[in-house]
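Step one of this worksheet: look at the structure below.
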Amino acid sequence: MGTVDANGGGQRTAGAVQSLRRAFTVLEAVVGSDDPIGVSDLARHSALPVGTVHRLAQTLHELGYVRKDEHSKYLPGPRLLKLAKGNQKAITLVAQPYLDDLARRYGESVAVGTLNGDYVVYLAKTPGSRSIRIWTSLDEPLYPHSSAIGKMLLSRLPDERVRTILDHTRMPRFTESTLTDPDDLLAELAVVRERGFAVNEGEQEAGMRCVSVAIPLRGELLGFSLSAPTLRMSDAVLAETVTGLKRAALALAAELDGARGLSQKEIHGK
């Protein structure tokens with residue numbers, strides 16, 4: 001609660017902060033929705049009055065951070081792209097020490113990536129120390145169906161959205177192990193969700209084995225990926241690697257998300 005001065009400046013400051021928090025709550029609800037979302041649903045998700053949500057959403061629309069479809073439901077707007085680029089840069093800076101530590105510990109190439117449209121892109125990477133290692137490019141989009149990190153990221157989406165992505169990318173075959181049938185991949189994604197990690201068994205490049213875990217950051221699709229020649233990645237090594245990747249993912253998510261968490265009490269100014 002702000003200190004109230006003789007001119008009411010403290011009250012105005014507290015009110016401005018509360019409005020800003022509420023606006024971001026509404027914006028996060030729009031971004032977090034898989035489909036266009038109306039005012040009533042926004043109010044339910046944000047636990048704010050419908051009238052408040054309508055005013056905030058309209059302001060965000062005027063500023064370009066959300067847009068409306070033909071049914072006056074809200075979707076992410078074009079100005080969010082600028083914020084997303086800045087957010088990804090911040091994630092990269094914070095994630096790099098974790099990648100360096102994992103690469104030193106296991107001696108293999110490690111990367112952090114996300115979905116950009118229908119494809120996987122790496123945001124940061126650290127090469128392994130072994131003489132034979134996998135090279136990952138930060139500039140080249142990857143097909144999600146044939147990569148461990150792609151499967152992990154797809155497993156965080158509804159099946160309907162996954163089918164749309166696979167329809168767009170066409171699921172090309174890269175090796176004899178590549179899955180090219182959407183139903184087969186959806187069945188594997190169900191396994192990924194249950195066990196908490198994804199594996200690429202030479203599906204992108206023969207003789208290579210990759211493993212990926214999700215970074216449980218609110219409002220983001222992120223994952224760690226570690227890649228190695230199959231001969232170095234036995235099942236025992238894979239299990240040990242998954243444990244290390246999951247610990248790093250939780251630590252990174254806590255560092256990135258800790259400063260962003262706001263309680264309902266803070267949002268509502270109670």
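We're numbering straight along the sequence, starting at 1.
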So does [Y] get a backbone contact from the side chain of [X], meaning a donor-acceptor N/O pair under 3.5 Å?
X: Arg67; Y: Pro76; answer: yes
X: Thr114; Y: Leu221; answer: yes
X: His145; Y: Pro172; answer: yes
X: Thr175; Y: Glu205; answer: no

Considering residues, nucleotides and ligands other than [X], do more than 12 of their heavy atoms fall under 6.0 Å from its [atom1]?
X: Glu194; atom1: CD; value: no
X: Lys246; atom1: NZ; value: yes
X: Asn116; atom1: CG; value: no

Return the [atom1] to [atom2] distance between [X] and [Y], rounded to the nearest 0.5 Å.
X: Lys73; Y: Leu42; atom1: NZ; atom2: CG; answer: 10.5 Å
X: Ser155; Y: Leu186; atom1: OG; atom2: CG; answer: 11.0 Å
X: Glu220; Y: Leu256; atom1: CD; atom2: CG; answer: 8.5 Å

What residues, two or more places apart in sequence or in another chain, satisfy salt bridge (charged side-chain N to carboxylate O under 4.0 Å, His left out) together with [X]?
X: Glu240; value: none
X: Arg173; value: none
X: Asp35; value: none
X: Asp100; value: none

Checking [X] now: which residues fulfil side chain to side chain donor-acceptor pair (under 3.5 Å) with it, not counting sequence neighbours?
X: Lys68; result: Gln58
X: Arg104; result: none
X: Gln88; result: none
X: His54; result: none

For this session: Would you check if Met171 and Pro182 make a side-chain contact, meaning some heavy-atom pair closer than 4.5 Å?
Result: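 The answer is yes; the side chains approach within 4.5 Å.
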Exercise. Side chains of Leu102 and Arg105: does their closest heavy-atom pair fall under 4.5 Å?
Worked result: yes
Problem set entry | Whichever hydrophobic residues join Met152 through chains of side-chain contacts under 4.5 Å |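 Met152 clusters with Val192.
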Exercise. If you group Ile, Leu, Val, Met, Phe, Trp and Tyr whenever their side-chain heavy atoms sit less than 4.5 Å apart, what else falls in with Tyr119?
Worked result: Tyr143, Phe174
For this session: Output all residues satisfying side-chain contact (heavy atoms from CB on, under 4.5 Å) with Arg55, sequence neighbours left out; order by chain, then residue number.
Result: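 Only Thr52 meet the side-chain contact (heavy atoms from CB on, under 4.5 Å) criterion with Arg55.
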For this session: Report the residues that fulfil side-chain contact (heavy atoms from CB on, under 4.5 Å) with Leu63, sequence neighbours left out, ordered by chain and then residue number.
Result: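 With sequence neighbours excluded, Leu63 shows a side-chain contact (heavy atoms from CB on, under 4.5 Å) to Thr59, Tyr65, given in chain and number order.
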Minimum heavy-atom distance between [X] and [Y], given as atom pair plus value:
X: His45; Y: Ala29; value: CB-CB, 4.3 Å
X: Thr126; Y: Ala103; value: CG2-CB, 3.5 Å
X: Ala253; Y: Pro216; value: CB-O, 3.6 Å
X: Gly117; Y: Arg161; value: O-NH2, 3.9 Å
X: Ala198; Y: Ala148; value: CB-O, 3.3 Å
X: Ser146; Y: Thr178; value: CB-CG2, 4.2 Å

For this session: Please name the residue in the list Thr230, Asn200, Asp235 that meets the side-chain hydrogen bond (donor to acceptor under 3.5 Å, both in side chains) test with Arg209.
Result: Asp235
Exercise. When you measure from the centre of the six-membered ring of Phe197, is the NZ or CZ of Arg195 under 6.0 Å away and within 45° of the axis?
Worked result: yes
Problem set entry | Hydrophobic cluster identity match, Leu20 and Leu27, side-chain contacts under 4.5 Å | yes
For this session: Report the residue from Leu217, Ile215, Leu222 that forms a side chain to side chain contact (heavy atoms under 4.5 Å, CB included) with Leu252.
Result: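 Exactly one candidate clears the test, Ile215.
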For this session: Dump the intermediate steps for side chain to side chain contact (heavy atoms under 4.5 Å, CB included) on Ile165 and Leu157, then the final yes or no.
Result: CA-CA 10 Å; Ile165 290 174; Leu157 300 174; 3.8 Å; yes
